[in-house]
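See below for the structure under consideration.
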There are 2 protein chains.
Amino acid sequence: MRIGELARRSGLSRDTLRFYEKQGLIESRPGAEATNSYRDYPEEALITLDQIADAQAAGMSIADLAMLMGQLQAADPDGFDGEAFLDARIAEVEARVTRAERFLDSLRQARAALAATPVLR
Amino acid sequence: MRIGELARRSGLSRDTLRFYEKQGLIESRPGAEATNSYRDYPEEALITLDQIADAQAAGMSIADLAMLMGQLQAADPDGFDGEAFLDARIAEVEARVTRAERFLDSLRQARAALAATPVLR
DNA sequence: CAAAACCATGGAGTTAAGTCAACGGTTTTG
DNA sequence: CAAAACCGTTGACTTAACTCCATGGTTTTG
């Protein structure tokens, strides 16, 4: 599919998609039609984009994500320690989730306190 | 305590602390000693800073946090709908945590896959 | 009491992640 | 087939959250 359709279906802007592609997060075949230079995205790009959203929600930077996607599926070329890298990311994300859940609890408590206050304190 | 001590104990830079104060996230009494203009932070600033870290891990912006802290404890002055605001934040954070956990799962799977690969595929 | 260590303010600079604008080709459509 | 709708590239701009720097007071310390 072309960039416009992917943008509509993913909810991202065309600019964002081109940006992600430049960063190596998604890929497109250069238009099979030869005559133009339009990008052609496979259906699975939508899945990848959803996973990118998950990663961003977990606080991952695009640079780290590109590192992950590039290095991990490249079957561990040479001196890249995938296990150590993954372990570090996992620890970071776990810490983040723990903090986020603690915050969520306090938000819920604040909400309950508000609800329990009829009109004035 | 003065800014240097708070910085050491919180792990944040003095600049960050002054920045947070300017944004209304933390408060200090202007030095009781009168002669200088040094900030004087109460012990609880450390707790507040930890909560701020939780909120940031949950994806809250400083602007939203300032809004929360300012409006909510100001006993709902006038036209500010605290319940709606809280409900919106809660929904956002829940969605974020869900996504983050999904990402964490895939990280763990990737890790397990790596561990299961002795030397070559 | 002088040097070192701290603090303040104001403003410029940085980084990440997009976003926008300008200009010029390609496709689609009425 | 001409206008509308798409697409491409390059490069400048934006926003959030800091970070750095310069300049000049205040405290602490040996």
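Reminder, nothing fancy here: chain letters follow the sequence lines and each chain counts from 1.
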For [X] and [Y], which heavy atoms make the closest approach, and how far apart are they?
X	Y	value
B:Q56	B:I62	OE1-CG1, 4.0 Å
B:A57	A:R96	CB-O, 3.8 Å
B:L114	A:E83	CD1-N, 3.6 Å
A:E21	A:S28	OE2-OG, 2.6 Å

Side chain of A:N36 - closest among C:dT26, C:dG18, D:dC18: C:dT26
Distance, nearest 0.5 Å, that separates CD1 of A:I26 from OH of A:Y41: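 The distance works out to 4.5 Å.
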Check: B:M60 and B:L68 side chains under 4.5 Å, non-hydrogen atoms: yes
Side chain proximity check, B:T48 to B:L25, heavy atoms < 4.5 angstrom: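 No, too far: nothing below the 4.5 Å cut-off.
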Between [atom2] of [N] and [atom1] of [X], the distance in whole Å:
X	N	atom1	atom2	result
A:L25	C:dG18	CG	P	9 Å
A:I52	C:dA17	CD1	P	12 Å
B:Y38	D:dG24	OH	P	16 Å
B:K22	C:dG11	NZ	C1'	9 Å
A:M67	C:dA16	CE	P	14 Å
B:Q23	D:dT19	CD	P	13 Å
B:D40	D:dT27	CG	C1'	15 Å
A:D64	C:dA16	CG	C1'	12 Å

Within residues 88-102 of chain B, residues whose heavy atoms come under 4.0 Å of DNA chain C: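 Under 4.0 Å from DNA chain C: no residue of residues 88-102 of chain B.
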Strand contacts (DNA chain C) in residues 3-19 of chain B, 4.0 angstrom heavy-atom criterion: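 Those residues whose heavy atoms fall under 4.0 Å from DNA chain C, taken from residues 3-19 of chain B in numerical order, are B:I3, B:G4, B:R14, B:R18.
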List for me each residue that meets side chain to side chain donor-acceptor pair (under 3.5 Å) alongside [X], sequence neighbours excluded, and say none if there are none.
X	result
B:R99	A:D50, A:D54
B:Q51	none
A:R9	A:E5, A:E43
A:D105	none

Counterpart residues, salt bridge (charged side-chain N to carboxylate O under 4.0 Å, His left out), relative to A:R89 (two or more places apart): A:D64, A:E92
Salt bridge (charged side-chain N to carboxylate O under 4.0 Å, His left out) against B:R18, all qualifying residues, sequence neighbours excluded: B:D15
Divergence of helical axes at both termini of the helix from C:dC1-D:dG30 to C:dG30-D:dC1 - five pairs an end, 10° steps: 10°
Donor-acceptor pair under 3.5 Å, A:Y20 side chain vs C:dG18 base: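 No, the side chain and the base share no sub-3.5 Å donor-acceptor pair.
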D:dT26 phosphate, OP1 or OP2, under 4.0 Å from B:R39 side-chain N/O: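 For B:R39, the contact criterion (side-chain N or O under 4.0 Å from OP1 or OP2 of D:dT26) is not met.
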Listing time: all N or O pairs from protein to nucleotides 28-30 of chain C that are below 3.5 Å?
none

Partners meeting side-chain contact (heavy atoms from CB on, under 4.5 Å) with A:T16 (sequence neighbours left out): A:L12, A:S13, A:Y20
Sugar-phosphate only, base, or nothing, as touched by A:Q56 at under 4.0 Å among non-hydrogen atoms: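 Sugar-phosphate, no base atom in range.
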